[in-house]
Amino acid sequence: MFTAPPTTTAATNTSPTTTTKSAPGRPAKRRRVSEKDTAAPLPAQEKDDEGRQWPRLFNGFESPSAADLRKKTYESAWPVLESEIESVLRDANRQTLEEVVEFLNSDVHECEGRGRVPAGFIITGPNIAGQDLLFSQLGDVLAERGEGRVRFVRLKAGEVGNLKGGLKRIVREGMGGVEGGDGGEGGGRVVVAFQDSEAFDTGLVGELVGLFHSWQDRIQFSVLFGIATSVELFQARQLKATARQLYGAQFDVVQANAVLESVIMAAVAGAKAQLRIGPGLLRKLVRRQQEHVAGVGAFVSSLKYAYMNHFYANPLSALLVDGQKLDKEILQPEHLEAVRMLESFKSHVEQSVEDGRLDHARLLLENDDYLKGRINRQAAKRQQYLGKLLQSLALVIATEHSKRSFVELYEAALEEGISLDQSPGPFDLGDAIKRSTPEELIGLIKRVMTVVVDGNPSLHWNGMGIGQDAEAAIDKFEALRADVERLIETSKKKKTSLKSKYSSQSRVLRTTVVAQKVQLSRDTATLTEEDNAFTAAIDDFFAFFKTLVGCEPLSNLFLNEVWQYDYHLPYEDVFVPRPGATFARALSRPHDYLGCACCDKANGSMVGTLPATSILYHLYSEAGASINVADLWAAYYALVGEDSEIGMDERSALVLFYRGLAEMRAMGFVKQSKKKADHIAKLKWL
Amino acid sequence: MTVPIFELPDELRLSLITKQFPCREPQIRALATLLNPSSAPCRNLVVYGTEATGKSAITTALLASLDGDSFKHAIVNSIECITARHLYETVVGKVAAAVEWEAVAPRCESVSQLTVELSKMLRYTERPDGFRFVLVFDGIDHQREAPHTLLPALAKLSEIVSPSLYHPLSSLLIPSLTTLFILTSPPPNNLLTTFTPNLHFPTYTKPEFITILSLSPPPPITPSTTPTETLDLYTRFLSALHDSLSRPASRTLPSLTQASRTLWPKFIQPILARTHTVKEFSKLIVLARVHFQDESLLDPTLSLSPPPTTTTTTPNPTIKTTDLATLLPTTARFLLLSAYLASHNPTKSDLTLFSTFHHGRKRRRGGFTGGRARKNGSQHRKIARKLLGAHAFVLERMLAIFMAVRTEWDPASGGRTKNGIVEGEQGLDNDIYMSIATLASLRLLVKVGGGGDVTDLGGKWRVAVGWEVVRGLGRSVGVEVEEWLVE
């Protein structure tokens with residue numbers, strides 16, 4: 001969850017938009033700076049280096065090389081992810097593309113839908129922005145496969161207003177090379193794609209289809225519709241005659257949720273992501289995707305914004321560079337001071353004191369070189385943590401016993417750590433693993449071994465590598481598998497079924513009829529020797545599996561603030577603005593923004609010192625649907641007039657009143673009522 | 001060389017066409033007589049009849065067979081002409097191509113210019129004796145942007161373009177241009193003029209339908225059935241099909257073809273299952289009676305075939321996942337439901353339904369319906385609201401409904417997070433406006449009346465989805481929409 005960052009980083013973690021606005025020339029303070037002038041770049045610095053340098057943080061005390069380093073780190077970190085996301089998105093569409101191209105090339109419509117226009121209905125979901133990529137890919141694929149004979153025309157509702165416009169476009173793009181369209185060469189074919197078919201004028205689609213149909217004997221037309229809702233709704237809007245001219249097939253695009261999950265796997269959880277998006281922010285992002293019509297594009301730009309924010313405004317992000325590269329020169333006193341303000345530093349020191357490592361704690365607090373050494377070691381620790389995290393996640397996924405989605409697992413892992421013992425919990429796999437049958441256990445061991453050796457490509461985790469640990473793990477799993485296989489063999493020979501004491505079959509409810517009474521007795525089936533051995537194998541496996549899976553919560557790590565970003569307020573301000581609420585808040589509590597001394601005690605209530613508009617807003621929110629202006633004036637004047645503390649004379653009060661009212665009208669709160677001449681109508685209810 | 005004054009059309013040619021288009025012999029003969037230069041050529045000819053009665057196809061075939069040195073034709077399909085000017089230019093181009101005229105005018109903007117161009121090509125050029133040109137306007141009644149003078153002007157073409165009475169070559173006073181109009185239904189004032197022959201292509205009768213359709217019988221049902229058996233069964237099936245469908249539905253050939261194509265596989269299912277044989281027609285009919293009564297097969301579908309992939313075995317589950325209810329995100333679903341309520345509930349019931357302020361408890365299903373309104377209700381009976389369809393509503397009202405029902409329908413919104421922190425009241429943020437805009441661009445919500453921004457709270461809107469969709473949508477989020485409707 002969002003925790004208030006320590007003072008220095010809180011000040012620096014403002015969004016880039018606010019940091020650039022600063023009053024130049026102020027004397028720089030070292031501490032307790034207000035948000036506005038945190039990152040005040042000195043004017044001279046801003047101009048050097050073709051003017052593209054990032055502002056120095058620490059109130060301008062950050063060294064240019066550190067600022068440069070942050071910029072370089074960002075520039076190396078983000079593009080990797082961007083191309084990664086791009087390839088994930090392209091991959092997601094591949095299957096659909098294959099199907100569509102196959103449909104367009106097939107001759108199915110030759111026999112069944114003779115004389116009709118073949119039409120592909122691609123159900124894309126309401127994410128209209130995502131259709132762009134799909135259709136451009138489609139164009140590429142068609143151009144590639146069609147060997148120049150297939151023309152692909154994309155129509156967007158915004159660009160095609162009427163029939164003539166649409167036809168012009170089709171003729172220009174579709175017939176460009178096909179000389180004499182009515183020549184009847186029969187070779188060329190034109191694929192017309194209606195990208196956002198719902199937005200098209202219904203009549204227009206019908207007319208175009210009618211035209212294609214009548215030309216069908218000379219030019220082979222095919223149409224594709226990108227459909228966001230459903231084919232039924234689409235058909236309900238079209239004329240029956242149009243429907244009769246089309247011969248269609250339906251294609252589904254991989255749904256947004258699945259795409260989102262693979263994007264998160266690659267770009268947020270994967271090993272290539274330099275910055276960890278904290279669980280709180282990630283949850284917000286995912287929830288926005290699920291609840292609102294925000295495409296994956298919105299998610300990606302939010303992600304980019306988080307990266308930008310982190311590297312732009314957090315001076316400690318410079319520490320993200322690899323330990324070796326992190327020159328001691330880069331580290332300046334301000335960095336160390338900032339580090340000592342961090343929540344994780346504090347808890348680390350407290351923990352050390354509790355553990356009795358007083359020297360360590362003292363050195364951390366007092367010795368700069370010691371702290372530098374620690375800072376340099378954290379990069380390695382981060383790698384180690386990430387390795388363990390990804391290993392645990394990959395193994396948990398490989399068991400196929402977890403009912404939760406990857407995103408949920410990942411969030412839980414960051415927030416609470418991974419522990420197989422916790423029950424109930426997201427990683428509560430013990431029962432499921434123990435209940436498995438011998439065959440299932442062998443399958444499980446095989447899957448786990450594959451993951452150990454090869455890793456998980458969608459997470460960019462390459463397996464445990466070729467260390468001692470890996471070899472030991474593989475040996476162990478091999479031995480277990482051999483054991484279980486041997487046990488299966490033996491039990492087959494004995495013609496008994498192999499089971500463990502955990503499997504449900506071992507406890508049988510037995511009914512016996514004794515003297516015409518039914519007796520129920522719970523009977524524990526006796527376990528054979530093999531069964532006991534198998535039970536031991538399961539226990540052994542689970543115990544070893546537990547050693548491989550497990551990690552701490554992210555926030556427990558020393559210096560996690562350097563590579564974790566979990567602030568959702570900047571994101572919400574930029575991506576989910578609430579103009580209405582902002583207006584209401586600014587008008588009801590203007591002193592929060594003005595910072596004036598006179599309204600200190602107002603605290604949201606109505607006092608005479610507030611600006612006139614704000615007073616009127618207060619009165620307005622208490623009034624009903626139509627407001628008598630004379631009454632409003634009387635109430636206003638009572639507050640600021642000569643009898644009150646303010647003691648304003650009537651003329652100036654009236655001027656302010658009128659101005660306030662005009663502003664209210666300009667903001668769309670009131671309008672002149674038509675019913676009564678001296679009333680104004682309330683407009684804003686929400 | 002003497003040209004005989006009257007000669008019947010060539011039988012050989014006619015028999016070919018008659019074979020090609022069964023059941024149309026009278027029409028073919030009449031058309032041939034009216035077009036053939038040596039029979040009874042006329043200036044204007046109107047061919048009319050409903051769709052798929054063979055008008056265009058027969059005309060095309062006949063004209064192609066008549067083509068020769070002294071007989072040329074051009075067919076202009078109005079559907080392919082976007083404007084009237086496009087039509088004129090197409091006419092000029094096609095006529096020029098037909099008579100191999102080289103100096104084609106690049107543009108032709110009006111009927112008068114069309115007349116000039118045609119006169120150049122047809123009237124003032126030396127042509128062989130008895131030359132005849134037939135200009136066909138197919139579907140001229142569907143011409144886009146047609147000026148209202150178009151039809152009369154085109155009807156006069158033949159008079160103007162044909163050589164004048166005193167032309168030395170036209171000693172027989174036979175016009176050299178015939179204009180043929182193919183229409184769906186003739187304009188009524190055709191009856192007022194006497195000189196235009198009309199040729200009606202009536203719809204096929206039942207025996208004709210069966211004859212035509214059984215010309216292309218389906219493949220044998222099972223390897224053991226002979227083609228004759230299949231054909232026999234198919235003929236009887238067609239007859240039953242024609243009778244079972246109501247007359248207007250089965251009026252046209254395409255709809256009957258489609259119906260038979262959809263029904264035939266279902267009809268022969270028992271034979272494939274080997275429970276019945278080909279001979280047991282009446283038993284088969286009884287078994288397939290449900291399908292015969294199903295009106296939905298008359299609806300022309302987009303005939304969705306499953307995508308031609310190897311994994312065609314499981315098309316059904318994939319269709320389910322692309323249901324509208326699962327495609328839309330939750331907020332959009334709530335907005336759509338709110339819009340439906342706003343469209344279908346009267347404004348006066350809003351307080352009863354959505355406000356908890358005055359009443360303490362919600363009283364759903366209309367608390368206000370009784371009382372005053374009943375007393376003078378007998379004077380003019382109102383039409384039930386739901387029969388009137390979706391009403392327009394003000395956007396603000398819809399948003400107010402949305403805000404009111406949101407917390408009840410979706411406890412997650414504005415609820416507490418795991419850490420116990422209240423996430424603040426979720427106001428109207430931009431995501432909601434984005435959802436509205438998306439719904440509008442998907443045409444699920446429609447803005448009524450032009451002007452105004454999408455975010456204008458005073459704008460009028462209407463919901464564009466029906467009850468079935470909304471009910472499914474509601475159930476997908478655990479809301480029974482019926483409980484929230486007043487009537």
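Letters A, B, ... mirror the listed sequences (proteins, then strands); counts begin at 1.
B/Ile79 approaches A/Gly210 most closely through the heavy-atom pair CG2-O, 4.2 Å. Residues B/Arg144 and A/Leu211 come closest through the heavy atom pair NH2-CG, 4.2 Å. The two residues B/Leu442 and A/Arg237 have their closest heavy-atom pair at O-NH2, 3.3 Å.
The contact between A/Phe200 and chain B is made entirely by backbone atoms, counting heavy-atom distances below 4.5 Å. Looking at A/Gln245, there are no atoms closer than 4.5 Å to chain B (heavy atoms on both sides), in backbone or side chain. Of the atoms belonging to A/Leu167, it is side-chain heavy atoms, and not backbone ones, that fall under 4.5 Å from chain B. Only the side chain of B/Asn77 comes within less than 4.5 Å of a heavy atom of chain A; its backbone N, CA, C and O stay farther away. Neither the backbone nor the side chain of B/Glu468 comes within less than 4.5 Å of any heavy atom of chain A. Only the side chain of B/Ile82 comes within less than 4.5 Å of a heavy atom in chain A; its backbone stays farther off.
Remark: the backbone N or O of A/Glu291 is paired with a side-chain donor or acceptor of B/Thr331 at under 3.5 angstrom.
By the 4.5 Å heavy-atom criterion applied to side chains, B/Arg443 and A/Leu233 are not counted as neighbours.
Between the CD atom in A/Glu572 and the CG atom in B/Asp431 there is a gap of 10.0 Å [rounded to 0.5 Å].
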